Structures are given as structure tokens and as C-alpha cells.
Novice: 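The structure that follows is given in the form of C-alpha cells.
Nothing fancy with the numbering, it's 1 onward along the sequence. The model shown is predicted, which means the values in this text are computed figures rather than measured ones. Both ligands and their constituent atoms are indexed starting at 1 by order of listing.
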Amino acid sequence: MNEEQRKSTSIDILAERDKKAKDYSKYFEHVYQPPSLKEARKRGKEEVNYNRDFQIDEKYRNMGNGKTFLIKTYGCQMNAHDTEVMAGILGALGYTATEDINQADVILINTCAIRENAENKVFSEIGNLKHLKKEKPETVIGVCGCMSQEESVVNKILKSYQNVDMIFGTHNIHRLPEILEEAYLSKAMVVEVWSKEGDVIENIPKVREGKIKAWVNIMYGCDKFCTYCIVPFTRGKERSRHPEDIIEEVRDLARQGYQEITLLGQNVNSYGKDIEGLAYGLGDLLEDITQIDIPRVRFTTSHPWDFTDRMIEVIANGGNIVPHIHLPVQSGNNAVLKIMGRKYTRESYLELVDRIKAKIPNVALTTDIIVGYPNETEAQFEETLSLYEEVGFEHAYTYIYSQRDGTPAAKMKDNVPTDVKKERLQRLNKKVSYYSEQAMKRYEGQIVQVLCEGASKKDEHVLAGYTSKNKLVNFKAPNEMIGQLVDVQVDEAKQYSLNGTFLRASEKAVVTQ
Ligand code: SAH
Ligand code: SF4
Ligand code: F3S
């Protein structure tokens with residue numbers, strides 16, 4: 001088959017499938033609802049509805065009896081938490097979890113769209129499943145998460161990945177029972193992606209991954225529209241949960257014995273601003289959560305733009321809010337920050353860091369950095385290096401800029417060759433490693449409090465856990481210590497972890513180490 005023929009055949013297949021899907025949509029309301037990034041960009045004034053009466057329809061309750069599921073998760077904590085929600089829904093339908101992909105009756109791929117390589121990984125994963133689908137055609141394969149919100153991805157799946165049975169997005173996870181039902185009944189690929197964010201739905205069942213640490217969503221979406229970023233398109237407009245719903249969830253986690261929670265949002269500093277008449281922000285929420293008996297509370301991610309003195313004050317007051325602030329800077333150069341749409345300058349960022357350090361002297365600061373932004377010069381990149389030194393971050397996640405279709409930056413011409421970007425990333429990573437090592441070295445000889453999570457990944461006879469500032473510590477201790485805060489004497493600092501000697505179960509929780 002020549003190129004022309006191949007093209008027209010795949011278009012035929014596509015048209016056929018489109019037609020089938022549309023026919024089906026007569027019977028099933030949402031069966032073919034593809035995404036649109038253009039629609040997703042819009043920010044309406046409509047009020048967000050809060051649905052506290054969510055229930056799974058009784059008729060689906062036995063749908064998964066005797067069947068198993070497996071969810072593969074890519075991307076950020078938000079996605080990991082969505083996976084817990086999907087696991088909860090599937091559990092409520094009667095499915096049980098399996099770790100064996102060849103046994104799973106339902107396989108969901110929860111995807112991330114943040115960079116091209118994240119997307120490539122997903123496509124190769126879906127490609128790998130073609131074989132399995134051939135062997136076991138009754139397996140239902142679903143693609144969900146942020147990539148599903150992009151029309152280019154949906155089109156590519158429709159065209160080249162016929163082994164996929166259903167695609168749904170980030171806004172309609174709660175419709176998983178209906179979507180699954182449609183996938184069982186429909187011969188066509190079920191596509192149900194909402195480009196406009198939906199309601200905030202409380203009380204969806206969840207099966208949390210662990211019994212020690214938990215994620216708590218405090219808001220959804222992002223309105224910052226940094227010029228490189230796809231998230232405001234894939235996650236919709238900012239919608240905060242109501243304080244009482246969050247507090248109730250945290251109290252419930254405390255009652256269940258969870259030792260650590262992480263409050264989640266794309267930009268948690270905006271928390272509460274979207275709820276009309278609510279004069280209550282992240283500082284207030286953090287303060288209220290300090291009253292709850294849970295030893296450690298983290299929050300992520302903070303945009304430097306609206307980090308308030310109130311927040312600094314609450315963290316400085318101690319209690320259970322850990323003095324670890326992840327504060328993505330992205331670049332140390334003003335011109336680059338401007339075209340990124342980050343809304344702060346190098347100077348105002350450094351001033352914020354000074355304010356934080358003055359009030360919280362033991363703070364651990366970490367960051368995210370993008371190198372090789374379109375037309376970034378060597379001198380501009382060097383300003384990122386010098387800012388890194390000036391702040392002395394304890395760690396950073398570093399990325400080469402990746403063009404995301406539909407974002408404003410995708411239209412910018414880029415004169416920075418790939419090898420220059422790679423070389424900059426290497427130079428930056430060298431600095432990151434140096435500072436991380438220094439941060440680790442400071443712990444040698446000290447006693448730290450560790451939340452013991454279980455056996456180390458590398459050695460089953462060794463236990464491992466994290467300090468409040470997220471340093472991994474390995475030590476030998478009785479298994480009863482799992483799930484508890486313990487005191488450990490640090491003997492040796494490695495590049496990414498500390499080795500220590502177990503002393504005792506901690507008498508009381510402290511977050512200052
Ligand atoms: N809401 C968070 C970021 C979530 S994405 C925040 O603003 O802090 C996590 C990180 O991925 C970002 O901080 C950024 O450093 C990186 N990132 C986002 N889009 C990117 C892109 N197009 N190319 C490369 N890195 C990107
Ligand atoms: Fe993306 Fe910026 Fe929103 Fe973070 S704040 S999710 S980087 S648009
Ligand atoms: Fe990726 Fe979506 Fe998170 S794009 S980083 S999974 S919000």
C-alpha cells in the first residue's frame with residue numbers, strides 16, 4: 001500500500017468509526033463527545049455547582065463482580081489521586097484490583113500531557129497492549145487523564161489504536177460506570193471527554209493507595225495560563241472545594257490513623273478565591289488544619305505570585321505544617337519569566353524567598369525549572385544558574401522546554417538547538433546535585449524524625465521513610481515501627497538518601513527537622 005492509499009484507508013476507517021459512534025450516540029447520550037482545546041481555554045462566569053449527593057446507580061453495582069482491573073498512572077499527584085478515585089468507583093462496581101496486566105478485565109491508562117516525552121511513553125504503552133487485546137478481545141482498555149483532553153490525542157487513538165475501547169477525560173471520572181457500560185455494549189470506541197469543567201463532586205468513593213500518607217484535593221484546575229503549559233486546558237478553570245468539605249476529609253483521615261496528608265492543587269495559593277463571598281484563603285485553611293491531630297501536613301504546588309504573608313505566618317507558627325515549600329521558579333531571567341507569563345520577576349521571587357527565610361529559618365525550598373525556552377540565550381540561562389545559587393534550593397525538578405500544541409508558546413519561533421538545550425540541562429543538573437548533596441550532608445550526625453513507611457525498595461531487611469523535609473532515610477528497625485514516627489540517628493549522607501540508626505519511636509511529632 002502506498003502512502004496515499006494508506007492515508008485514505010485510515011480516513012475510511014476513521015469515517016466508518018465516526019459514523020458508528022454517531023449512530024450509537026442516538027442510544028447513549030454521551031458516547032461520542034470529543035474534546036476541544038479551544039473550548040477548554042474559555043473561562044466562563046457560570047457558578048460552579050457543588051454536588052454532595054453523588055451516588056453510583058444501583059443498576060451498575062454488580063457490573064464488575066468476579067472481574068479485575070488495573071490502572072497505570074502517569075503524571076503528577078493529582079493524577080495519582082484521580083487513580084484512587086477511579087479505583088474507588090471500580091471497587092463499588094464489584095471489580096477487584098490486580099497487578100497482573102494479563103489477568104485484568106479492565107485496564108485504564110491514566111495519562112499526563114505535560115511534556116512530549118510523557119505522551120510518547122503513553123503511546124508506546126497503548127501500542128504494547130495491542131497484542132494483549134488480540135489475545136483477549138474481551139479486555140476493556142480505557143485511556144483517561146490529561147492526554148484525553150487533547151483532540152490531537154483522541155484523533156490519533158481513533159486512527160491508530162483500535163485496541164482502545166474507551167476514552168474519557170479529567171472532568172467526567174464520576175461517569176466511569178456509565179462509560180464502562182457503554183464500552184461493553186458499543187462496538188465503536190466510546191469517547192466521552194468534556195472540554196468544559198464539570199461540577200465539584202464530593203463523596204465519590206476512593207481507595208487510597210496507602211494507609212500512612214494521603215492526598216487531599218483542595219482545588220481543581222488552573223487559571224494561570226503560563227504560556228508553555230497545557231494544564232489550564234486539560235484541567236479546566238480553578239474550582240476550590242469548600243473548606244468544610246476539606247476539613248471533614250482531613251478529620252476523617254486523622255481518625256483513620258493517617259500520619260501525613262498533602263493538600264493538592266495546581267496552584268494552591270489561589271485556594272478560595274473563586275468562591276464568591278468566601279473571605280478564606282490557603283493561610284486560613286492551613287491554620288484550621290493545624291487544629292487537626294495529624295502529624296504532618298504538606299501542600300503543593302505554590303505559585304510564587306500569590307504567596308501571602310498570612311501563609312508564611314501560619315507555616316512559621318509550627319504545628320503540623322511542614323516547613324518544606326515547593327516554589328517553582330522556572331527561570332532566573334526577567335525576560336524569560338515575562339514571556340512565560342509567570343507574573344513575577346527575579347527580584348520579586350528573591351524578595352519572597354527572603355521573606356520566607358526570615359520568618360521560617362529552617363525552611364527547605366525546592367523548585368521546578370525549565371531550560372531552553374524559545375530563544376533563551378546563554379546569558380539568560382546563566383541567570384537561572386545564579387538564582388539557583390542565591391536561593392540554595394535543596395532540590396529541583398528540571399525539564400527541557402517541550403512544545404505543547406494549543407499553548408501560546410507553541411507559536412513562538414525557537415532558535416535554541418536541541419543539543420544546546422541538553423547541555424544546559426546537564427549543567428543545571430550538576431548544580432542541582434551539588435546543592436542536594438550539601439543539603440544531605442548537613443544531616444550527618446543529627447537525629448531526625450522519620451515517618452516509617454515500610455521496607456526499603458532496595459533491601460527488604462531495611463526500613464525506609466521520609467523526614468518532614470522529604471529526605472529519604474534508610475534504617476534497620478522492628479517492623480512494628482511501620483506507620484509510626486521514629487527517631488533515627490543519621491550516620492551517613494548519600495546523594496539522594498540518608499543511612500541511619502534507629503533510636504526509638506518518637507515521643508511526639510515535630511516537623512522542624
Ligand atoms: N502547577 C504547577 C506545575 C505543574 S507542572 C506549578 O505551576 O508549579 C510541573 C512542572 O512541569 C512545571 O513547574 C514546569 O516546570 C514543568 N512544565 C510544565 N509545562 C512544561 C513544558 N511545556 N515543557 C517543559 N516543562 C514543563
Ligand atoms: Fe501550568 Fe502555570 Fe498553571 Fe502551573 S500555574 S499548572 S505551570 S499554567
Ligand atoms: Fe500531567 Fe495533567 Fe498532572 S498534564 S502533570 S497529569 S495535571
Novice: Any Lys/Arg nitrogen of Glu390 or Arg346 sitting under 4.0 Å from an Asp/Glu carboxylate oxygen of the other?
Specialist: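 Yes, this pair counts.
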Novice: With a 4.0 Å heavy-atom cut-off, what residues sit around ligand 2?
Specialist: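 Lining ligand 2: Cys222, Lys224, Phe225, Cys226, Tyr228, Cys229, Val231, Pro232, Gln266, His303, Arg342.
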Novice: Go through the structure and list residues passing side chain to side chain contact (heavy atoms under 4.5 Å, CB included) with Gln259, not counting sequence neighbours.
Specialist: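 Only Ile212, Pro295, Leu451, Leu485 meet the side chain to side chain contact (heavy atoms under 4.5 Å, CB included) criterion with Gln259.
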Novice: With a 4.0 Å cut-off on N to O distance, would you call Glu351 and Arg355 a salt bridge?
Specialist: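 Result for this pair is yes, salt bridge flagged.
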Novice: Surrounding OH of Tyr466 (heavy atoms of other residues, nucleotides or ligands, distance under 6.0 Å), is the total greater than 12?
Specialist: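 For Tyr466, atom OH is not crowded (no more than 12 foreign heavy atoms under 6.0 Å).
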Novice: How about NZ on Lys343, more than 12 heavy atoms from neighbouring residues, nucleotides or ligands closer than 6.0 Å, or not?
Specialist: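 Count over threshold, so yes.
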Novice: Taking 2.8 Å as the upper limit, name the protein N, O or S atoms near atom 2 (Fe) of ligand 3.
Specialist: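 Result, waters dropped: Cys146 SG.
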Novice: Out of Glu197, Glu238, Arg239, Glu276, which one pairs with Val48 under the side chain to side chain contact (heavy atoms under 4.5 Å, CB included) rule?
Specialist: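 The residue from Glu197, Glu238, Arg239, Glu276 that satisfies side chain to side chain contact (heavy atoms under 4.5 Å, CB included) with Val48 turns out to be Arg239.
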Novice: If you look at each N/O of ligand 1, which protein N/O atoms lie under 3.5 Å away, and at what distance?
Specialist:
unit_1   : atom_1 : unit_2 : atom_2 : d
ligand 1 : 1 (N)  : Gln266 : O      : 2.6
ligand 1 : 1 (N)  : Gln266 : OE1    : 2.9
ligand 1 : 11 (O) : Arg115 : NH1    : 3.1
ligand 1 : 13 (O) : Gln330 : NE2    : 2.8
ligand 1 : 13 (O) : Asp368 : OD2    : 2.7
ligand 1 : 15 (O) : Gln330 : OE1    : 2.7
ligand 1 : 17 (N) : Arg115 : NH1    : 3.4
ligand 1 : 22 (N) : Tyr228 : O      : 3.1
ligand 1 : 22 (N) : Ser402 : O      : 2.8
ligand 1 : 23 (N) : Ser402 : N      : 2.9
ligand 1 : 25 (N) : Arg115 : NH1    : 3.3

Novice: For atom 7 (S) of ligand 3, what is the closest protein heavy atom, and at what distance to 0.1 Å?
Specialist: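 In this structure, atom 7 (S) of ligand 3 has Gln266 NE2, 3.2 Å as its nearest protein heavy atom.
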Novice: Looking at the rings of Phe233 and Phe225, which for Trp means the six-membered one, are their centres under 6.0 Å apart?
Specialist: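 Ring centroids of Phe233 and Phe225 are less than 6.0 Å from each other.
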Novice: Rounded to the nearest 0.5 Å, how far apart are CD1 of Ile109 and OG1 of Thr83?
Specialist: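 Here the rounded value is 10.0 Å.
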Novice: Report the distance from atom CE of Met311 to atom CG of Leu286, rounding to the nearest 0.5 Å.
Specialist: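 Between atom CE of Met311 and atom CG of Leu286 there are 6.5 Å.
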Novice: Less than 6.0 Å separating the ring centroids of Phe299 and His326?
Specialist: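 Centroid separation for Phe299 and His326: 6.0 Å or greater.
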Novice: Hey, do the aromatic rings of Tyr435 and Tyr388 have their centres closer than 6.0 Å?
Specialist: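 Ring-ring flag for Tyr435/Tyr388: true, centres closer than 6.0 Å.
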Novice: How many angstroms lie between CD1 in Ile141 and CD in Gln162, if you round to the nearest 0.5 Å?
Specialist: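 Here the rounded value is 12.0 Å.
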Novice: Quickly, which of His242, Arg241, Arg52 forms a side chain to side chain donor-acceptor pair (under 3.5 Å) with Glu202? Name it, please.
Specialist: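 Answer after filtering His242, Arg241, Arg52: Arg241.
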